[in-house]
Engineer: 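Quick one: the structure is below, and I'll ask about it shortly.
For clarity, every value in this text was computed on a predicted model and none was experimentally measured.
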Protein chains: 2
Amino acid sequence: MSLRYALLAILRVGALSGYDLQKQFSLSVGHVWHAPDSQIYPELRKMEQEGLVEAEEQTRGERGRRRLYHVTDAGDRAFLDWMAAPLDYQRVRDPAHLRAAYLETTTPEAAREFLARHITVWSAELAQWEGELARIDALSNPMLVRRLAVTAEEDRERTIAYKRFAYEGLVERARGEIEWARRGLDLVDRVS
Amino acid sequence: MSLRYALLAILRVGALSGYDLQKQFSLSVGHVWHAPDSQIYPELRKMEQEGLVEAEEQTRGERGRRRLYHVTDAGDRAFLDWMAAPLDYQRVRDPAHLRAAYLETTTPEAAREFLARHITVWSAELAQWEGELARIDALSNPMLVRRLAVTAEEDRERTIAYKRFAYEGLVERARGEIEWARRGLDLVDRVS
DNA sequence: ATCTTCATGTAAATTGTTACATGATTTT
DNA sequence: AAAATCATGTAACAATTTACATGAAGAT
């Protein structure tokens, strides 16, 4: 149930419509927490009912409408409370390592394909996250720039440092997965 | 939906009751795919309906009963098909890295607590997995021994090697998380 | 005109979590 | 006799995924 906190994290920086939020989301927090728009719209409505956000109804042209969501004080508090509370860790659920433990039951070709795909998938993630790191350093990430604009001078360094720290962790994870799968490919060659 | 394949992987080695399966599960695949008994019993029933397993009804004492589940040919094929098919990767959903990206919004104390807990949680996982590696090497893991007993001589080395490979990956992951969180603690000290 | 982007959702199905519920058998 | 373990589930809820559905506004 971190979705609402991910949404609050973005909205706290400034009001957005569901649509814009969803785009910002996929460009920032979405790297760490995926959610499709069909989940975001209903969640915003629920958060509105619970008083965490307020919708400012706007019209667009003749009949177009949009709802601009603002974080309320209660929403702000909810976010800060969540940040200060212990994180609840979910149990591991890792289909790739599950399969890896049983690779002897399939053909070497299927095993190689699985590992090659693992490398492809994690390389894509790695590229994303390294790109994000570069954008953080170049201050060219729009979300980060928006955040820095509403951040007091003395807090800017920390803000950047933590964001960097988060992405570094993701980059290392991806590198680890890729190295592991490479070793797996060697292993397949060795034992088959 | 890897749960059923995790269950099949265990049952393929030999028939078990839901209760024993659940215990084996938590001692082996459970490290990679957690599932509570309240999920395992219904899943077994569903798999029975779909013809992947067959239940042998047994009595225990006067009125006690148990259902011993055997994998059917269809179940065996389903498992092998799954092993040979491309794995579907879920999108990232990582509350720890999500929170890490926003650590500047909380107090240094809360940030430290979060990171310390991250280290604790992953150290526990690490200990589990290193223990598992040691048990693989010592051939003292009961599940592995059962599996080797039904494995042809020439396939034993591969079986062990892949199991080792899977756990090595998990160990490295845990080490990475711990190192990352340690660096995070240094960072908190530096910026606050 | 038509294509893209803006804009907001509903519905159904699946998956997973938490709590509850029950009772037999074996061991101390 | 009590405690531990064996044994099997149901119920309610929460979270997630996938697919569907609709239409306005702005750009080419």
Side-chain angles (χ1 to χ4, degrees), chain A residues 1-8 11 15-27 29-30 32-50 52-53 55-69 82 87-95 98, chain B residues 1-7 11 15-27 29-30 32-50 53 55-69 82 87-95 98:
Chain A
M1 237 275 289
S2 303
L3 174 59
R4 65 172 48 188
Y5 302 105
L7 297 179
L8 284 172
L11 288 179
L16 287 172
S17 67
Y19 183 82
D20 286 332
L21 176 56
Q22 179 224 115
K23 299 203 102 181
Q24 291 285 352
F25 194 86
S26 65
L27 292 173
V29 205
V32 176
W33 195 275
H34 168 78
D37 43 343
S38 65
Q39 209 188 345
I40 290 178
Y41 286 116
E43 185 66 24
L44 282 170
R45 287 289 185 163
K46 259 175 68 188
M47 289 163 69
E48 191 186 3
Q49 275 168 31
E50 295 174 37
L52 304 179
V53 295
E56 178 188 342
E57 305 248 5
Q58 293 188 330
T59 50
R60 228 173 55 99
E62 290 285 299
R63 262 169 308 186
R65 73 209 162 92
R66 54 183 237 145
R67 300 166 57 81
L68 211 60
Y69 286 97
W82 179 75
L87 190 64
D88 58 316
Y89 284 80
Q90 290 123 295
R91 242 62 89 71
V92 189
R93 193 158 283 146
D94 186 336
L98 169 60
Chain B
M1 235 275 289
S2 303
L3 173 60
R4 67 172 47 188
Y5 301 106
L7 297 178
L11 288 179
L16 287 173
S17 68
Y19 183 81
D20 287 332
L21 176 56
Q22 180 224 115
K23 298 203 104 182
Q24 291 285 352
F25 194 85
S26 65
L27 292 173
V29 205
V32 177
W33 194 277
H34 168 78
D37 42 343
S38 65
Q39 209 188 347
I40 290 178
Y41 286 116
E43 184 65 24
L44 282 169
R45 288 287 185 163
K46 258 176 70 187
M47 288 162 71
E48 192 186 2
Q49 274 166 32
E50 294 174 37
V53 295
E56 177 188 343
E57 306 249 4
Q58 293 187 329
T59 50
R60 227 173 55 101
E62 291 284 299
R63 263 170 308 185
R65 74 209 161 91
R66 54 183 237 146
R67 298 166 57 81
L68 211 62
Y69 287 98
W82 179 75
L87 189 64
D88 56 317
Y89 285 80
Q90 290 122 295
R91 242 62 89 71
V92 189
R93 191 159 284 147
D94 186 336
L98 169 60

Engineer: Please determine if a side-chain N or O atom of B/Lys23 lies less than 4.0 Å away from the OP1 or OP2 oxygen of D/dC6.
Structural biologist: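 For D/dC6, OP1/OP2 do have a side-chain N/O of B/Lys23 under 4.0 Å.
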Engineer: In whole angstrom, give the distance that lies between atom CG of B/Asp20 and atom C1' of D/dA7.
Structural biologist: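 Value for this atom pair: 9 Å.
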Engineer: Which heavy atom in B/Ala55 sits nearest to a heavy atom in B/Tyr69, and how many Å separate them?
Structural biologist: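 Where B/Ala55 meets B/Tyr69 most closely, the heavy atoms are CB-CE2, 3.7 Å.
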Engineer: Could you grab the distance from atom CZ of A/Arg4 to atom CD of A/Glu43, nearest 0.5 Å is fine?
Structural biologist: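 Those atoms lie 4.5 Å apart.
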Engineer: What's the separation between atom NZ in A/Lys23 and atom OG in A/Ser17, rounded to the nearest 0.5 Å?
Structural biologist: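 One finds 10.0 Å between NZ of A/Lys23 and OG of A/Ser17.
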Engineer: Quickly work out the B/Arg4 CZ to C/dT14 C1' distance and round it to whole Å.
Structural biologist: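 Distance check: B/Arg4 CZ to C/dT14 C1' gives 12 Å.
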Engineer: Expressed as a whole number of angstroms, how long is the span from A/Leu68:CG to C/dC6:C1'?
Structural biologist: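 Atom-to-atom, A/Leu68 to C/dC6, this comes out as 14 Å.
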Engineer: If the cut-off is 4.0 Å, is B/Arg66 near the phosphate of D/dG9, judged by side-chain N/O to OP1 or OP2?
Structural biologist: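 No.
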Engineer: Kindly compute the distance separating CG (A/Leu7) from CD (A/Gln24), expressed to the nearest 0.5 Å.
Structural biologist: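 Reported value, rounded in 0.5 Å steps: 12.0 Å.
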Engineer: For A/His34 versus A/Phe25, what's the shortest heavy-atom pair and its separation?
Structural biologist: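 That would be C-CE2, 4.3 Å.
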Engineer: Looking only at heavy atoms, which two atoms of B/Leu68 and B/Ala15 are closest? And how far apart?
Structural biologist: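 The answer is CG-CB, 4.1 Å.
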Engineer: Rounded to the nearest angstrom, tell me the gap between atom CZ in A/Arg93 and atom P in C/dT14.
Structural biologist: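 For the pair A/Arg93 CZ and C/dT14 P, the rounded distance is 18 Å.
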Engineer: Of all heavy-atom pairs between B/Ser2 and B/Trp82, which one has the smallest distance, and what is that distance?
Structural biologist: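 For B/Ser2 and B/Trp82, the tightest heavy-atom pair comes out as OG-CZ2, 4.0 Å.
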Engineer: Could you pick out which residue, B/Gln22 or A/Gln90, lies toward the 5' side of DNA chain D when each is mapped onto its nearest nucleotide?
Structural biologist: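 It is B/Gln22, whose closest nucleotide lies nearer the 5' terminus.
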Engineer: Between the protein and nucleotides 24-28 of chain C, list every N/O to N/O distance that falls short of 3.5 Å.
Structural biologist:
from   : atom 1 : to      : atom 2 : distance (Å)
C/dA24 : O3'    : B/Gly64 : N      : 3.2
C/dT25 : OP1    : B/Arg60 : O      : 3.0
C/dT25 : OP1    : B/Glu62 : N      : 2.6
C/dT25 : OP1    : B/Arg63 : N      : 2.8
C/dT25 : OP1    : B/Gly64 : N      : 3.2
C/dT25 : O4'    : B/Arg60 : NH2    : 3.2

Engineer: Can you tell me which nucleotide in C/dG16, D/dG9, C/dT8 comes closest to the side chain of B/Arg67?
Structural biologist: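 The answer is D/dG9, which lies nearest to the side chain.
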Engineer: Side chain of A/Arg65 only, please: which of C/dG9, C/dT17, D/dT8 is the nearest?
Structural biologist: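 Nucleotide nearest to A/Arg65's side chain: C/dG9.
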Engineer: Where do A/Ile40 and A/Ala35 come nearest, in terms of heavy atoms and distance?
Structural biologist: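 Closest approach of A/Ile40 to A/Ala35: CD1-O, 4.0 Å.
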Engineer: Roughly how many Å is it from NE2 in B/His34 to P in C/dT15, rounded to a whole number?
Structural biologist: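 Nearest whole value for this atom pair: 17 Å.
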Engineer: Given atom CG of A/Leu3 and atom P of D/dT17, what is their separation to the nearest angstrom?
Structural biologist: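 Checked: the CG to P distance equals 10 Å.
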Engineer: Quick one: does B/Gln90's side chain get under 4.5 Å of A/Pro95's, heavy atoms only?
Structural biologist: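 They are in contact (side-chain heavy atoms under 4.5 Å apart), so the answer is yes.
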Engineer: Once rounded to the nearest 0.5 Å, what's the spacing between atom CD of B/Gln58 and atom CZ of B/Arg66?
Structural biologist: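 The distance works out to 5.0 Å.
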Engineer: Rounded to whole Å, how long is the line connecting atom CG of A/Asp37 with atom C1' of D/dT22?
Structural biologist: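 Distance check: A/Asp37 CG to D/dT22 C1' gives 14 Å.
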Engineer: Expected output is a numbered-order residue list: members of residues 41-48 of chain A with a heavy atom under 4.0 Å from any atom of DNA chain C. What is it?
Structural biologist: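 Here the set is A/Tyr41, A/Pro42, A/Arg45.
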Engineer: Do A/Leu44 and A/Arg67 have side chains that approach each other closer than 4.5 Å (heavy atoms only, starting at C-beta)?
Structural biologist: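 Sidechains of A/Arg67 and A/Leu44: no contact.
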Engineer: Quick one: which protein N/O atoms are closer than 3.5 Å to N/O atoms of nucleotides 18-20 of chain C? Pair and distance per line, please.
Structural biologist:
from   : atom 1 : to      : atom 2 : distance (Å)
C/dT18 : O4     : B/Ser38 : OG     : 2.8

Engineer: CD of A/Glu57 versus C1' of C/dT8: gap in Å, rounded?
Structural biologist: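 My rounded result for the distance is 11 Å.
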Engineer: So among B/Lys46, B/Arg45, B/Met47, which one has a side chain to side chain contact (heavy atoms under 4.5 Å, CB included) with B/Val53?
Structural biologist: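 The option that passes is B/Met47.
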Engineer: Please check the phosphate of C/dT8 (OP1 and OP2 only) for any side-chain N or O of A/Tyr19 closer than 4.0 Å.
Structural biologist: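 Negative; the distance criterion is not met.
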